[in-house]
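What follows is a short report on a single structure.
All values derive from a computational prediction rather than experimental measurement. Along the sequence shown, residues are numbered consecutively beginning with 1.
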Amino acid sequence: MVDVADLETNLLLFLRKSFSFDHSATLDGREYGVFLRTETESESKFRPRIVHLALVVPLDWVVYDVAADLFALGRDGVRPGPRGGGAASESATEAREFTEQGLAWRREVLAGGGVVYLPKELAPALFGPAALAALGLGG
């Protein structure tokens, strides 16, 4: 597992986008990292709105990728999973369920209008009002 001090000074690459570490939270005895990103909804709109993205991941899945000088994700906590190619897309165009870095993910819309990415296998336990409040993502 990576050091929290290292998380605060480096970025995590997810969906070909950079997320910064915001905080950690313990839920049901497991420590999660909450990573955030802010982007505009669509550059093609006259008045694009700001979209807040959150990524919740078990901290033992975060791996430092020396070659890329970025954090990546790997279920075993040692090897980063395979990254997809191509360009980053707008969050509104992403599928609700997808695979990223060899892991299954679910994209959910938060009550306040933001987006949260959760590991698919953990999503039922993490996407409830009490869990989201414990993770610092509202409720």
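Not one N or O on the side chain of His52 forms a donor-acceptor pair closer than 3.5 Å with the backbone of Val116. A donor-acceptor pair is defined here as one N or O able to donate and one able to accept, closer than 3.5 Å; such a pair exists between the side chain of Glu100 and the backbone of Leu15.
Side-chain contact check for Leu122 versus Pro58: some heavy-atom pair is nearer than 4.5 Å. No side-chain heavy atom of Leu36 sits under 4.5 Å from any side-chain heavy atom of Thr38. Annotation: side chain of Val62 is in contact with side chain of Phe35 (closest heavy-atom distance under 4.5 Å). For the pair Leu7/Leu12, no side-chain contact is recorded, criterion being any heavy-atom separation below 4.5 Å from C-beta on. Between Trp105 and Leu73, the closest side-chain pair of non-hydrogen atoms falls below 4.5 Å. Lys17 has its side chain within reach of Leu53: a pair of non-hydrogen atoms, C-beta onward, lies under 4.5 Å apart.
Note: Leu103 CG to Trp61 CH2 = 5.5 Å, rounded to the nearest 0.5 Å. Distance CG/Leu59 to OG1/Thr26: 8.5 Å, rounded to 0.5 Å. For the atom pair NZ of Lys120 and CZ of Arg107, the computed distance is 15.5 Å after rounding to the nearest 0.5 Å. Remark: Thr40 OG1 to Ile50 CD1 distance equals 6.0 Å, nearest 0.5 Å. Rounded to the nearest 0.5 Å, atoms CG (Leu137) and CD (Glu108) are 12.5 Å apart.
Connection of Leu55 to Phe21 is established within a shared hydrophobic cluster, with ILVMFWY side chains joined at heavy-atom distances below 4.5 Å, either directly or through further cluster members. Placement of Val34 and Val63 in two distinct hydrophobic clusters is found when ILVMFWY residues are connected by side-chain heavy-atom separations under 4.5 Å, directly or transitively.
Of all non-hydrogen atoms in Pro119 and Val56, the two that sit nearest each other are CD-O, 3.2 Å. Among all heavy-atom pairs drawn from Leu13 and Gln101, the shortest one is O-NE2, 2.6 Å.
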Stepwise ring pair (Phe, Tyr, Trp, His ring centres under 6.0 Å) check, Tyr117 with Phe14: CA-CA 10 Å; Tyr117 301 103; Phe14 183 79; 5.3 Å; yes

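Residues passing the ring-ring contact (aromatic ring centres under 6.0 Å, His included) test with Phe127: none are found, sequence neighbours excluded. In this structure, the salt bridge (Lys or Arg N to Asp or Glu O under 4.0 Å) partners of Arg37, at least two apart in sequence or on a different chain, are Glu39.
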